[in-house]
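Before any comments, here is the structure.
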Amino acid sequence: MNPELEIQMIAVIVAVASSLPGVFLVLRRMAMMTDAITHTILLGIVIAFFITGSLTSPLLVVGAAIMGLLTVFLTEVLNNTNLMSKDSAIGIVFPLLFSIAIILISKYAGSVHLDTDSVLLGQIEFAPFDRIIIGGKDFGPRAIYMMGTILVINLVFVVAFFKELKIVTFDPALAAVLGITPTLIHYMLMGVVSVTAVGAFEAVGSILVIAFMVGPPVTAYLLTDDLKKMIVFSSIIGALNGVIGFNIAMQADVSIAGTMAVVTGITFGLVFIFAPKKGLITTMNRRRVQKKQFAANSLLFHILNHEREDDVDYHNSISNIEVNLNWHKGYLDKIIDSLMDNKQIIIENNIIYLTDEGREYSIKSYEDIVGSLKGAYLS
Amino acid sequence: MDIFTLIFTDYTLRIVSIGSMLLGIIAGILGSFAVVRKESLLGDAISHAALPGIAVVYLITQTKNTEVLLFGALLSGVLATFLILSIEKYSRIKFDSSLALVLSVFFGAGMVLLTYIQKMPDANQAGLESFIYGQASTLLKRDINLMLIVGGILVFLIVLFWKEFKLISFDSQYAEILGFSSKKITILLSTMIVISIVIGLQSVGVILMSAMLTAPAVAARQWTNKLSKMVVLSGFFGGISGIIGTLISSMVSNLPTGPTIVLTISIIVILSLAFAPNRGLVWKRIKEKESRRNIDKNQLLFNIYELALNHENIYHSHSIDTIKPDTNRDRESTNILIGRLSGLEDDGLIKRDYFDHWHITEDGISYVENNLLKEGY
């Protein structure tokens with residue numbers, strides 16, 4: 001296999017493996033925990049490195065995963081004191097652990113190759129050079145096996161605990177009633193996040209892990225309401241981001257991991273603007289239509305309220321309505337035009353009258369609103 | 001050499017410690033608002049998001065002038081803040097996801113630009129990465145002047161818009177009802193927070209800057225409930241950890257400045273969480289014990305009062321068994337009871353007679369009627 005294909009394979013595996021826990025992080029509003037964990041695992045790696053003296057020992061992964069869980073635990077301890085909000089707790093714990101890691105590295109590991117650059121920025125370019133060779137036979141890059149294993153772990157976790165994850169995410173109270181311990185699921189999820197972050201940081205750097213864990217899930221979140229579809233969509237989107245990012249980076253000769261993160265942002269931006277139901281354009285349109293509908297109803301109710309009164313030609317004259325509803329002339333004209341198109345009003349001598357159709361509609365929608373209000377008060 | 005002589009003789013150390021102190025003060029002051037508005041992690045996102053701005057400005061101007069680069073950082077920081085808030089506003093994506101997304105994408109863009117700059121012919125991008133990790137030792141006298149000027153402006157603005165900032169920090173809807181344009185004020189405050197982050201990038205770097213914004217404010221929050229005191233105290237904590245961190249790192253070899261400052265402020269946070277009056281954990285434990293004892297004492301006095309009401313002579317005395325008829329009371333709890341009764345006697349609320357019987361005093365009656373009855377006994 002050529003190195004380019006290998007790098008893309010690694011990127012796709014990392015993207016899919018990250019998307020799986022990422023979906024639940026986004027839904028559980030814990031996206032910033034990834035930021036914290038991706039930084040603090042450095043301390044776990046450093047400590048494990050001091051114990052084993054090797055940079056390739058599997059104990060590094062264990063140390064990092066433990067540190068990830070410790071980060072979650074410490075954040076919760078601080079949060080449970082009720083002396084600060086959750087985001088402040090995160091903002092205190094992770095810089096502290098990260099600082100300790102940096103201090104340890106610069107004090108004791110100065111001569112060893114453990115540079116913080118590659119941790120944060122990642123060197124996916126070099127991943128194909130770190131190969132598994134047994135008995136002179138080349139089995140391919142180590143990163144593929146490492147991330148492949150993590151992908152399998154994540155897949156097994158999500159499939160095996162799908163029901164539990166779903167209930168804990170959407171209805172923690174129900175979860176407790178059903179005997180599912182939300183805390184246990186929570187820590188298992190965070191364990192999976194930590195392991196994924198450790199595996200991925202070597203290949204793509206910790207910042208890109210955040211992009212892969214959060215970007216595709218939030219993009220998918222704008223496309224579907226179904227949890228299973230969200231997981232599938234975000235895996236596909238993540239994989240595409242990786243492949244497209246790689247090819248652009250090769251063309252432009254710039255940082256591969258960085259380009260993948262940028263592509264993640266662009267994909268999100270496109271979906272954010274153009275998504276069929278939850279995109280910006282649709283949302284703005286809907287808000288505009290709703291606003292217009294509301295204005296039209298207000299106008300109809302105004303006419304309906306006053307049409308039986310003696311001074312109807314004063315109250316329902318266009319000039320008075322303009323003053324009473326405090327609308328711009330242009331806006332009022334627009335609403336009047338659309339109501340006339342609907343044949344709900346007619347205008348004679350600058351006075352607005354309801355048509356029979358318009359009256360029927362106004363009374364009905366008035367009663368709908370009042371009825372729902374009454375319902376709200378009664379319940 | 002003695003550390004204090006070193007401060008006065010070593011020029012670099014003096015510059016670095018003054019710079020770190022100023023940075024701590026500014027971040028501490030502005031951080032108070034971020035923490036109160038529950039936007040602590042915004043600092044983390046913005047400091048990462050500043051990177052592409054620095055790179056773009058360098059590409060355009062080809063200068064490594066700190067002021068110019070920081071202006072680029074400011075622009076991309078403000079853009080990132082705008083994007084984060086817009087994504088939250090116009091979609092169902094929550095604040096934290098929006099933060100994490102913008103943070104990583106901007107940082108990725110910064111990396112792309114840095115690698116691009118690296119490959120440019122005769123480009124000397126060394127020094128640009130120092131913004132990622134921060135290098136306090138590169139601080140110059142002119143950087144200090146910049147901090148002084150920017151910090152002065154920020155403090156001036158805070159004093160000027162104090163009422164507005166306070167309102168939108170706690171209740172932006174109320175602020176709007178009162179007729180403040182809460183949108184404009186929020187934009188001003190967010191921009192000021194971005195500025196305070198940006199000027200710290202050079203010395204402590206992207207990652208640790210978020211700690212400088214959050215930690216002093218959280219520590220200060222434990223000591224007071226007033227925003228004004230919190231802001232001042234937070235600036236003080238920030239400044240003091242800037243100096244102490246710099247000095248410690250200069251005394252020990254191979255101890256990087258930024259992380260040492262973060263370590264110092266973290267220790268201040270832990271001490272504050274434990275020992276701050278009223279809110280601190282240790283204090284709370286003591287208070288809890290004391291109030292439990294008070295409740296028992298009050299209950300006891302109230303019993304005596306009620307017993308007294310049953311008699312014509314309100315000063316009729318009763319034995320312990322009548323006052324607290326607990327059948328399986330052991331010797332130890334009897335002693336505790338006697339201790340409490342003696343305590344009440346010391347307060348002049350009850351009196352003991354020759355037969356070890358107790359009766360309520362005039363003071364005791366008025367204490368019960370004026371305090372306990374009103375508290376709902």
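A, B, ... follow the sequence lines: proteins, then strands. Residue 1 opens every chain.
With a 4.5 angstrom heavy-atom cutoff, B:I87 touches chain A via backbone and side-chain atoms both. At a 4.5 Å heavy-atom cutoff, the contact between B:S253 and chain A is made by backbone and side-chain atoms alike. Contacts of B:K94 with chain A are made by side-chain atoms alone, with heavy-atom separations under 4.5 Å and no backbone atom involved. Using a 4.5 Å cut-off between heavy atoms, A:F212 does not touch chain B at all. In this structure, chain B has a heavy atom under 4.5 Å from the side chain of A:M284, while its backbone stays farther away. At a 4.5 Å heavy-atom cutoff, the contact between B:L99 and chain A is made by backbone and side-chain atoms alike. Heavy atoms closer than 4.5 Å to chain A are found in the side chain of B:V269, but not in its backbone.
For chain A, the option among B:V102, B:L103, B:V252 with the highest count of heavy-atom pairs below 4.5 Å is B:L103. The candidate from A:I266, A:V218, A:N82, A:I103 with the greatest count of non-hydrogen atom pairs under 4.5 Å with chain B is A:I103. For chain A, the option among B:S86, B:S97, B:A109 with the highest count of heavy-atom pairs below 4.5 Å is B:S97. Among A:V262, A:D87, A:V93, the residue making the largest number of heavy-atom pairs under 4.5 Å with chain B is A:D87. Of the listed residues (A:I256, A:T283, A:D35), the one with the most heavy-atom contacts under 4.5 Å to chain B is A:D35. Heavy-atom pairs under 4.5 Å with chain A were tallied for B:A215, B:G43, B:G108, B:G280; the largest tally goes to B:G108. Among the candidates A:L222, A:D253, A:L280, the residue making the largest number of heavy-atom pairs closer than 4.5 Å to chain B is A:D253.
Note: A:F268 CZ to B:S98 OG = 7.0 Å, rounded to the nearest 0.5 Å. Distance CD1/B:I93 to OG1/A:T219: 7.0 Å, rounded to 0.5 Å. To the nearest 0.5 Å, the span separating CD1 on A:I210 from OG on B:S104 amounts to 6.0 Å. Distance OG1/B:T214 to CD1/A:I90: 10.5 Å, rounded to 0.5 Å.
Within a 6.0 Å radius of CZ in A:F73, no more than 12 heavy atoms belonging to other residues, nucleotides or ligands are found. By the 6.0 Å contact criterion, CZ on B:F82 is open, its count of non-hydrogen atoms from other residues, nucleotides or ligands being 12 or less.
Taking both residues in full, the closest heavy atoms of A:A257 and B:M111 are given as CB-CE, 4.2 Å, listed atom of the first, atom of the second, then distance. The two atoms that bring B:V218 and A:S88 nearest to each other are CG2-CB, 3.7 Å, heavy atoms only. Looking at every heavy atom in both residues, A:K107 comes nearest to B:L255 through CD-CD1, 4.1 Å. Taking both residues in full, the closest heavy atoms of A:T81 and B:K284 are given as O-NZ, 4.0 Å, listed atom of the first, atom of the second, then distance. Between B:R92 and A:T224, the shortest heavy-atom distance links the atoms NH2-O, 3.0 Å. Taking all atoms of both residues into account, the shortest heavy-atom contact from A:G265 to B:V105 is CA-CG2, 3.5 Å.
Side-chain polar atoms of A:S255 and B:T115 form no donor-acceptor pair below 3.5 angstrom.
Among B:T264, B:V262, B:I261, the single residue meeting the side chain to side chain contact (heavy atoms under 4.5 Å, CB included) criterion with A:S99 is B:V262.
Using a cutoff of 4.0 Å between basic side-chain nitrogens and carboxylate oxygens, B:D96 and A:R28 are not scored as salt-bridged.
Looking only at side-chain heavy atoms (C-beta outward), B:Y90 and A:R287 come within less than 4.5 Å of each other. Side-chain contact check for A:Y221 versus B:S91: every heavy-atom pair is 4.5 Å or farther apart. Within the 4.5 Å cutoff, the side chain of B:D44 has heavy atoms near those of the A:M32 side chain.
Listed for the B:R221 side chain is no donor-acceptor partner under 3.5 Å among the backbone atoms of A:M84.
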